[in-house]
Amino acid sequence: MTDALTLDHRELEWQFEAIGLRPVARWLAHPASPGSNLRIEPLGTVRLVDVYLDTEDWRVYHAGYVLRLRSQGGQLFEATLKSHDGERDGLRDRREITESLPDGTTEVILAASGPVGRRVRAVIGRRPLRVCATLRTERTRYALVVEDNRIGELTLDATSIPLDDNLDPVRLNRVEVETGEESVEHLTSFVSTLREACGLQPATLSKFDAAMIAHGLRPESAVDLGPEAIDQTMTIGEVAHAVLRRHFA
């Protein structure tokens with residue numbers, strides 16, 4: 001599993017939508033059949049504030065990532081770049097790059113010397129970052145343990161997306177199970193049992209996507225630099241330009 005000090009890792013995670021989280025919490029307290037030797041250990045509840053950032057022309061998004069600034073309890077701060085979702089057998093498979101920060105300001109991200117700050121500066125140049133959306137989450141955490149080895153983490157997320165104009169916030173109830181590649185097979189049966197017992201449905205949208213829809217935002221299409229296809233009728237110069245367009249895009 002990972003923590004705020006992890007700089008670069010592969011995130012494998014099942015995500016489900018729930019009508020309510022209390023029935024799931026009750027089931028986790030007394031699961032009918034959690035799986036062979038699997039223990040579910042409560043880890044407590046934390047409050048998270050996630051701020052998604054990008055430039056006006058969506059430079060970070062078009063580079064293949066989402067930029068998130070997270071604070072936990074108003075004390076711990078970190079910036080994370082998440083690659084766009086890839087899905088495999090119901091699992092979201094993403095690269096996640098995280099850097100701890102001294103505070104939660106945009107200026108700190110741009111001045112950070114770690115892997116997130118360097119990448120963000122390289123992508124956006126002198127363009128300013130803007131706040132796209134803010135999410136507030138009450139997260140209840142559980143460790144998934146086999147023979148004293150923690151092989152995953154399950155979270156119950158009650159998330160609200162505040163909106164402008166005094167509108168009621170959009171609310172999401174999510175159940176998420178994160179693990180490492182070596183433990184996916186071990187947890188697949190447990191996740192299937194959890195889903196059926198609690199009436200969960202696979203999440204069709206990431207939290208970022210849900211926030212963009214809630215705010216009526218849609219990342220612009222990338223700039224069209226021209227044709228990238230290559231065939232035998234093209235001159236060497238035309239091939240070179242097509243290759244350059246592909247890489248610049």
Side-chain angles (χ1 to χ4, degrees), residues 1-9 11 13 15 21 42-56 58-61 63 65-85 92 94-121 123-124 127-143 153-164 167-178 203 205-215 217 219:
M1 293 305 296
T2 60
D3 55 34
L5 297 179
T6 300
L7 297 180
D8 196 338
H9 77 285
E11 180 189 60
E13 187 176 60
Q15 292 186 1
L21 295 176
L43 296 174
T45 299
V46 296
R47 286 178 171 80
L48 308 172
V49 178
D50 292 332
V51 179
Y52 290 103
L53 303 161
D54 210 326
T55 61
E56 286 286 344
W58 302 97
R59 287 294 175 114
V60 178
Y61 184 88
Y65 286 85
V66 169
L67 175 60
R68 183 190 70 198
L69 174 61
R70 166 168 289 178
S71 64
Q72 179 176 315
Q75 296 179 340
L76 300 177
F77 303 93
E78 63 184 31
T80 297
L81 285 168
K82 281 178 176 276
S83 66
H84 297 322
D85 285 0
R92 293 183 186 271
R94 298 177 288 194
R95 183 182 182 188
E96 186 175 278
I97 307 168
T98 298
E99 178 177 357
S100 296
L101 301 174
D103 63 48
T105 62
T106 303
E107 292 74 17
V108 168
I109 296 177
L110 295 178
S113 60
V116 175
R118 292 197 304 269
R119 284 171 168 83
V120 170
R121 288 193 299 274
V123 167
I124 72 172
R127 293 168 178 79
L129 288 171
R130 59 163 178 157
V131 174
C132 301
T134 300
L135 281 67
R136 301 181 183 277
T137 298
E138 183 174 277
R139 168 169 288 181
T140 303
R141 302 169 58 222
Y142 300 83
E153 182 174 306
L154 184 150
T155 60
L156 306 182
D157 285 359
T159 297
S160 65
I161 306 172
L163 302 177
D164 300 329
L167 297 173
D168 290 337
V170 173
R171 302 189 184 278
L172 305 174
N173 292 320
R174 291 286 173 90
V175 179
E176 301 180 354
V177 180
E178 183 180 350
L205 296 172
S206 69
K207 289 175 181 173
F208 170 80
D209 291 334
M212 294 303 98
I213 292 173
H215 282 281
L217 295 174

What one should report as the nearest heavy-atom pair of Thr106 and Leu53 is OG1-CD2, 4.2 Å

- Whether Gln15 side chain and Ala203 backbone form a donor-acceptor pair below 3.5 Å: no

So CG of Leu48 and CG of Asp157: to nearest 0.5 Å the spacing works out to 7.0 Å

In this structure, CG of Leu167 is separated from CD1 of Ile161 (nearest 0.5 Å) by 13.0 Å

Exercise for the section: Check step by step if side-chain contact (heavy atoms from CB on, under 4.5 Å) holds for Leu110 and Leu129. Expected result: CA-CA 9 Å; Leu110 295 178; Leu129 288 171; 3.8 Å; yes

Check: So, the side chain of Glu11 versus the backbone of Glu96: is there a donor-acceptor pair under 3.5 Å, distance only?
Finding: no

Applying ring pair (Phe, Tyr, Trp, His ring centres under 6.0 Å) to Phe208 and not counting sequence neighbours gives Tyr52

- request: Report, as yes or no, whether the 6.0 Å neighbourhood of atom CZ on Arg136 holds more than 12 heavy atoms from other residues, nucleotides or ligands.
  value: no

### Message
Using side-chain contact (heavy atoms from CB on, under 4.5 Å), reason through Leu69 and Leu101 one step at a time and then give a plain yes or no.
### Response
CA-CA 9 Å; Leu69 174 61; Leu101 301 174; 3.6 Å; yes

Here the gap from Asp54 atom CG to Arg59 atom CZ, rounded to the nearest 0.5 Å, amounts to 10.0 Å

>> Using a 3.5 Å distance criterion without hydrogens, assess whether the side chain of Arg174 forms a donor-acceptor pair with backbone atoms of Thr155.
In response: no

Closest heavy-atom pair, Tyr65 versus Ser83, reported as atoms and distance to 0.1 Å, is CD2-N, 3.4 Å

Of all heavy-atom pairs linking His215 and Ala133, the shortest is CD2-CB, 3.6 Å

Quick test of your reading of the model: are Glu56 and Arg127 salt-bridged, counting only N-O distances below 4.0 Å? no

*asked:* Is it the case that over 12 heavy atoms from other parts of the model lie below 6.0 angstrom from the CZ atom of Arg47?
replied: no

Separation between CG (Leu217) and CG (Asp209), nearest 0.5 Å, reads 12.0 Å

Checklist entry - Hey, is Arg92 close enough to Glu13 for a salt bridge, meaning N to O under 4.0 Å? => result no

query = Would Asp103 and Thr105 count as having a side-chain donor-acceptor pair, cut-off 3.5 Å?
reply = yes

Quiz item: Should Glu176 and Lys207 count as an ion pair when the cut-off is N to O under 4.0 Å?
Solution: yes

The test is side-chain contact (heavy atoms from CB on, under 4.5 Å); show your working for Val49 and Leu135 and say whether it passes. CA-CA 6 Å; Val49 178; Leu135 281 67; over 6 Å; no

Interatomic distance, OG1@Thr98 vs CD@Glu78, rounded to 0.5 Å, equals 5.0 Å

Between Glu99 and Ala112, the two heavy atoms sitting closest are OE2-CB, 3.1 Å

Of all heavy-atom pairs linking His84 and Tyr61, the shortest is NE2-O, 2.8 Å

Counting distance only, does the side-chain N/O of Gln72 pair as donor-acceptor with the main-chain N or O of Val46 below 3.5 Å? no

One should read off an interatomic distance between Trp58 CH2 and Arg130 CZ, to the nearest 0.5 angstrom, of 4.5 Å

Closest heavy-atom pair, Ala210 versus Leu172, reported as atoms and distance to 0.1 Å, is CB-CD1, 4.0 Å

